[in-house]
Protein chains: 2
Amino acid sequence: MARSDERAGRMWRVNTLGFAILGLLARRPLSGYRVAQLMREPIGFFWNAGHAQIHGTLRKLVEAGWAEYRTEPGPGPHDKKLYSATAAGRAALAEWAASPLPTPQPHDELLLRVYNGWLADPAAMREMLTAELERREASLAHYLTVRAEFEADGTPEDPTTQRFVDYATVLNGIGSERYVLDWLRWLIGTLRD
Amino acid sequence: MARSDERAGRMWRVNTLGFAILGLLARRPLSGYRVAQLMREPIGFFWNAGHAQIHGTLRKLVEAGWAEYRTEPGPGPHDKKLYSATAAGRAALAEWAASPLPTPQPHDELLLRVYNGWLADPAAMREMLTAELERREASLAHYLTVRAEFEADGTPEDPTTQRFVDYATVLNGIGSERYVLDWLRWLIGTLRD
DNA sequence: CCGCTCATGTAAAACGTTACATGATTCA
DNA sequence: TGAATCATGTAACGTTTTACATGAGCGG
């Protein structure tokens with residue numbers, strides 16, 4: 001699958017961003033602007049895209065028959081478009097979610113900096129790593145708050161609910177920040193003079 | 001900085017891939033082919049690129065005066081080129097390594113799958129996650145072997161050596177795989193019927 | 001002789017970022 | 001009245017992937 005409109009001459013092979021957006025539309029109807037906001041805030045930890053890319057991908061999802069929209073008079077020169085996932089879109093998304101993962105192709109600039117850090121001034125390195133430590137401490141604190149809010153209403157247990165998968169991604173965030181923080185503290189410790 | 005050849009009309013703003021490659025050349029002279037191999041094997045955990053991209057970036061690094069090469073007769077229709085970093089290239093790399101990190105823009109497909117997993121068949125989801133678990137168990141085992149080899153020769157302690165930064169990236173890999181494995185085991189557990 | 005490794009390159013297409021462009025409403 | 005938020009779009013540029021193209025040397 002991951003293909004749409006078998007009969008048409010030009011087919012768009014739906015990419016990961018397409019599924020990221022479709023995943024938001026499968027939850028509730030959204031304007032392109034709202035999609036861009038959600039790409040920053042709750043989704044931002046594991047995926048992101050700018051509004052220019054989002055508008056284009058929404059258009060392609062509609063062409064593919066996986067999303068549709070209704071127009072509303074909006075502020076500004078253009079009409080507001082409220083997008084939602086079609087039944088075909090939901091089915092494709094469900095199949096994609098459980099399909100085999102491609103081998104990941106990581107791009108982690110922090111590790112690349114450390115790998116070349118033997119050449120750098122240790123004091124400057126310590127400063128950069130301390131800034132990163134603080135950024136991630138704030139990030140962890142945020143995830144812990146969100147987790148507490150979830151658990152106050154009862155720990156989610158049913159993996160076929162939105163609430164559960166949201167909770168699962170927050171737990172991942174906590175684990176991820178915790179291990180990096182430990183590693184950063186150790187690294188900064190080795191840079192003491 | 002991160003700019004080169006101030007006088008020329010067109011300047012190439014060196015990108016992260018440029019620094020990734022320069023970091024390899026700063027350690028030892030390499031052919032483009034070898035760079036591509038190293039981008040898979042030791043660097044692959046935190047950065048990667050295909051050979052088409054690498055050859056182009058090497059050319060730009062030379063134009064920028066940050067790398068140079070000497071030609072050797074190679075197999076096949078083209079000469080072999082042995083690239084190395086220039087003094088200017090090393091200086092730029094050292095400065096870049098400790099400069100402030102841009103805010104990361106993550107692209108984690110595993111989390112995106114889980115986020116949409118509430119729509120998917122739990123059994124299919126369990127299968128996908130189990131495959132990922134096995135892939136990462138193998139990866140952890142590999143990092144543990146590498147760490148043992150490092151520590152057999154004495155734990156690296158000087159952060160201005162290549163040996164130390166290599167060791168640091170391996171420790172990061174171990175921590176990273178361990179937390180994901182814990183999280184995956186918990187997640188798969190919630191999908192038992 | 002077949003396939004693998006070594007070795008470099010080009011071209012086209014797809015993907016992603018940044019800048020430009022417009023304009024109503026709401027809040028200070 | 002000025003800034004922020006809501007709202008959509010295009011154009012240019014830069015990055016990344018995929019496919020095409022070539023060919024020597026080595027091991028089975």
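Protein chains get the first letters and strands the later ones, always in sequence-line order, with residue 1 at the start of each.
- In this structure, the NE2 atom of His55(B) is 18 Å from the P atom of dA19(D), given to the nearest Å.
- The phosphate of dT15(D) has neither OP1 nor OP2 within less than 4.0 Å of any side-chain N or O from Gln53(B).
- Contact annotation: Gln37(A) side-chain N/O to dC6(D) OP1/OP2 distance is under 4.0 Å.
- Separating the CZ atom of Arg34(B) from the C1' atom of dT5(C) is a distance of 12 Å, rounded to the nearest angstrom.
- Taking atom CD of Glu72(A) as the reference point, atom C1' of dT8(D) lies 14 Å away to the nearest angstrom.
- Ring planes of Trp183(B) and Trp186(B): tilted class, angle from 30 to 60°.
- Dashed line: the shortest gap from a side-chain N or O of Tyr33(A) to OP1 or OP2 of dT8(D) is not under 4.0 Å.
- Here the C1' atom of nucleotide dT16(D) and the CD atom of Gln105(A) are 10 Å apart, to the nearest Å.
- For the pair Asp79(B) and His78(A), nearest-nucleotide mapping onto DNA chain C gives the more 5' position to Asp79(B).
- Under 3.5 Å, the side chain of His51(B) and the base of dG9(C) form at least one donor-acceptor pair of N or O atoms.
- For the pair Trp12(A) and dC15(C), the criterion of a side-chain N or O lying under 4.0 Å from OP1 or OP2 is met.
- No donor-acceptor pair closer than 3.5 Å links the side chain of Arg163(A) to the backbone N or O of Glu157(A).
- Residue Lys60(A) contributes atom NZ, which lies 9 Å from atom P of dG16(C) at whole-angstrom precision.
- Between Lys81(A) and the phosphate of dG9(D), there is a side-chain N or O to OP1/OP2 separation shorter than 4.0 Å.
- For dT15(D), one of the phosphate oxygens OP1 or OP2 lies less than 4.0 angstrom from a side-chain nitrogen or oxygen of Asn15(B).
- In this structure, Arg27(B) satisfies the cation-pi test against Tyr115(A), with its NZ or CZ atom closer than 6.0 Å to the six-membered ring centre and inside 45 degrees of the ring normal.
- Taking the six-membered ring where tryptophan is involved, the planes of Phe45(A) and Tyr143(A) are perpendicular, since the angle between them exceeds 60° and thus also 30°.
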